[in-house]
Asks: 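Below is a structure I'd like to ask you about.
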Amino acid sequence: MNSKEIAFKKIDYETKKKIDMIKIICKKLSYGELAYCIYYLHMVRISKSKLSNLKNFEHMSLDRLNDVLNHSISCIFKYANISRIQKNDYSVNENSCELIIKLVDSLHNLHEKYSLLTLLDEFELEGERNQHIKIDISKITIHPDKMKYFEYVARFQTSINIDKEETINHTIHLKNFVEKYSKYNLISKDIFGLEIEEISDKLSTLLNICKDNIMRNRINIPSIEDDIIDHLDIKTLRETIKSFIFNEKELLEIFGKKGMKFIREFIFKKSEFKSYEMNYHYILRSPILKIKNEYIISPELLVDSLFLNVHYTLLENKQHSEKHKKIMSDAFVNEILDISKKYGFVHFGSEVELYQGKNKLGDIDLILRHKKLDLDILIEAKNHAVPLPVYHGIYEKINKRFEELKKDWESKVHKRYIHLIDNNEKYNIKKTFKYLIVTKYPEILSHDSDYLVLTIDEFNFYLQNDFQFSNFRDLCDELYKHKKLDEQEIIKLMKVLNC
């Protein structure tokens, strides 16, 4: 085996070893440790900071700690023998909780290290157990394809972090939910038993009850000073978690018999959770923890899961999936149109079919016209999700994605562009036109294309700056304010992943 194969085998071995350790420890845990992790997820989210007693996790970003707590809750709920929900007088083994969190963090590190090593053609292994990786950074920085990879991953992560920076309360979140799924009432009633606004109203009632419960239980929560609760006291933990517990009758009163269909779609199913799955958090699809006839409903997990659960439930429904895709595609085009209107553009055409003789060249999804500038912008709208291995930075999968997009997207746009150079008048398109690809998520094609391939936020930035960017490199540097990655930045990344 070469060094790469040895390293991957070792990562696989270490991953299985840590998962086995997590299972063994979780089997010894009880309700108290589950409550501990749910409580700290709640406290970290509302305080937007790491708490003082989580000193062993100072190296983690808040986003990483959030991910690790999500995974820890899932592992404890699946593997611990919890037969009932306790409301008072339970204890918590904080050392075991911190050990689980530490092991889960290590799992995430191994997953990220694997992604990073897919980039490298060769490296040296050192140490008695080949535990150290020696990398020649210069072989990455001088290789255009490798640097393209790093720049794409950096851009993807920056884009994700921009989205996460905006913390909104559940009222605004539910309002956004109703706006996005306003055309789904019949479908929603069939799948979830409720129309979209009914779901929003009942979730709002549920979340407000959680908030009221916390306020009512605050009388039993110890304080350090006036109005400053002692978040380290176990009574605070117990009273907070108690606020998130509902029985069957209480949920039935809120959601009604038909609405319990919605609740069932969100219940965590132990058999479906895979502890080795690092590409996504199952609990963000199924956040409600049911123990006998009682339910623990974390407001944070429930709100986080709403869009994700509804989207994938619709996608997986054979009867409604195609209609869902069409509605989402139309909504994406309308979002592009709404942005362009802010900068003086009007809607000139949609789905304009192009022909060369009798041969169909495809259609233009959207034509935007700026009358004062005598300019048309032609849009190829791509409301596509990025495959999970690409999202998580697997080099081979990113390369495969790049090749596919070159063939399936860019080549088709190029044929249409060449055709329109001499035939623009046939379609009443201005002689001065631009042809852009606008995508839902960042795509690797952006970094090596003859056309501008922009996310919706990048498209907004492009219009905001009067279309001055003729290549993606200049736009990317200006928007994300990062220069070309150098050796020191890559070394920092290696240290984070313990390479």
Side-chain angles (χ1 to χ4, degrees), residues 1-22 56-72 75 99-141 143 145-158 160-161 274-281 386-401 444 485-499:
M1 287 191 293
N2 59 34
S3 59
K4 196 168 187 175
E5 291 170 333
I6 293 170
F8 286 155
K9 189 173 182 180
K10 182 169 178 56
I11 289 172
D12 185 53
Y13 170 77
E14 291 293 334
T15 298
K16 289 176 180 176
K17 182 179 173 183
K18 290 188 187 305
I19 289 172
D20 287 342
M21 290 173 68
I22 288 170
N56 292 331
F57 310 111
E58 289 174 348
H59 66 284
M60 289 190 207
S61 66
L62 282 175
D63 187 43
R64 174 54 162 261
L65 182 56
N66 189 71
D67 285 345
V68 167
L69 285 169
N70 284 340
H71 201 116
S72 299
C75 288
L99 181 55
I100 289 293
I101 293 170
K102 187 177 179 181
L103 285 168
V104 170
D105 182 42
S106 297
L107 273 184
H108 283 260
N109 270 335
L110 287 167
H111 181 64
E112 289 166 353
K113 189 181 291 187
Y114 177 89
S115 297
L116 176 65
L117 295 184
T118 62
L119 170 68
L120 306 171
D121 294 322
E122 57 183 68
F123 46 80
E124 293 179 26
L125 300 174
E126 296 180 340
E128 292 180 5
R129 295 177 290 108
N130 291 324
Q131 69 269 36
H132 301 299
I133 301 171
K134 184 179 178 182
I135 297 169
D136 184 352
I137 300 297
S138 65
K139 291 184 178 180
I140 298 175
T141 55
H143 197 300
D145 284 344
K146 307 299 185 186
M147 287 308 299
K148 181 172 68 181
Y149 163 90
F150 270 109
E151 288 166 357
Y152 172 60
V153 171
R155 172 184 165 226
F156 210 132
Q157 292 305 314
T158 302
I160 293 166
N161 291 335
K274 306 293 186 285
S275 52
Y276 56 79
E277 180 55 75
M278 300 287 122
N279 285 328
Y280 68 94
H281 291 296
V386 173
L388 284 173
V390 172
Y391 178 93
H392 288 280
I394 304 299
Y395 179 59
E396 289 86 354
K397 300 298 182 182
I398 293 176
N399 265 346
K400 183 182 177 185
R401 176 79 171 172
I444 184 62
L485 290 174
D486 59 20
E487 289 191 18
Q488 291 305 312
E489 289 173 296
I490 295 174
I491 288 169
K492 286 179 186 176
L493 178 59
M494 302 294 186
K495 286 181 178 177
V496 170
L497 300 179
N498 299 317
C499 288

Asks: Report the residues that fulfil ring-ring contact (aromatic ring centres under 6.0 Å, His included) with Y152, sequence neighbours left out, ordered by chain and then residue number.
Replies: F156, H447
Asks: Strictly distance-based, threshold 3.5 Å: is any side-chain N or O of H71 a donor or acceptor partner for the main-chain N or O of S275?
Replies: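 Side chain of H71 to backbone of S275: a pair is present.
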Asks: Quick one: closest heavy-atom pair of L103 and I22, and the distance?
Replies: CB-CG1, 3.7 Å
Asks: Decide yes or no on side-chain contact (heavy atoms from CB on, under 4.5 Å) for I444 and V390, but give the supporting numbers first.
Replies: CA-CA 9 Å; I444 184 62; V390 172; 6.0 Å; no
Asks: With sequence neighbours left out, write down each residue that passes side-chain hydrogen bond (donor to acceptor under 3.5 Å, both in side chains) with Y114, or none if nothing qualifies.
Replies: none
Asks: I need the minimum non-hydrogen distance between H281 and D67, along with the two atoms involved.
Replies: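 Smallest heavy-atom distance, with atoms named: CE1-O, 3.2 Å.
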Asks: Quick one: CD on E112 to CG on L110, what's the gap to the nearest 0.5 Å?
Replies: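 E112 atom CD to L110 atom CG measures 9.5 Å (nearest 0.5 Å).
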Asks: With side chains defined as the heavy atoms from C-beta onward, is the minimum distance between I394 and I398 less than 4.5 Å?
Replies: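 The answer is no; the side chains never approach within 4.5 Å.
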Asks: Test of understanding: with side chain to side chain contact (heavy atoms under 4.5 Å, CB included), list the residues that count as partners of V68, not counting sequence neighbours.
Replies: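 Partners of V68 under the side chain to side chain contact (heavy atoms under 4.5 Å, CB included) test: M60, R64, S72, I101, V104, D105, H108.
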Asks: Who are the side-chain hydrogen bond (donor to acceptor under 3.5 Å, both in side chains) partners of K16, not counting sequence neighbours?
Replies: D12
Asks: For V153 and G393, work out which heavy atoms get closest and say how close.
Replies: CG2-CA, 4.3 Å
Asks: Please list, chain by chain and in numerical order, all residues satisfying ring-ring contact (aromatic ring centres under 6.0 Å, His included) with Y276, sequence neighbours excluded.
Replies: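 Y276 satisfies ring-ring contact (aromatic ring centres under 6.0 Å, His included) with no other residue.
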Asks: Does this structure show an ion pair linking K10 with E14, if we count only N-O contacts that are shorter than 4.0 Å?
Replies: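 Looking at E14 together with K10, the answer is yes, because their closest N to O distance falls below 4.0 Å.
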Asks: Side chains of P387 and R401, heavy atoms from C-beta outward: is any pair under 4.5 Å?
Replies: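 P387 vs R401: side chains touch.
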Asks: What pairs with H111 under side-chain hydrogen bond (donor to acceptor under 3.5 Å, both in side chains), at least two apart in sequence or on another chain?
Replies: N279
Asks: Does N66 have any side-chain hydrogen bond (donor to acceptor under 3.5 Å, both in side chains) partners at least two apart in sequence or in another chain, and if so, which?
Replies: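 Listed in chain order: R45.
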Asks: Within the supplied structure, the quantity of interest is the number of heavy atoms (other residues, nucleotides, ligands) at a distance under 6.0 Å from K4 NZ; does it exceed 12?
Replies: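 Result for NZ/K4: enclosed.
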Asks: Can you sort out the partners of K18 under salt bridge (Lys or Arg N to Asp or Glu O under 4.0 Å), two or more places apart, ordered by chain and number?
Replies: none
Asks: Are side-chain heavy atoms of T118 and F8 found at a separation under 4.5 Å?
Replies: yes
Asks: In Å, rounded to the nearest 0.5 Å, how long is the span from CD of E396 to OG of S115?
Replies: 10.0 Å
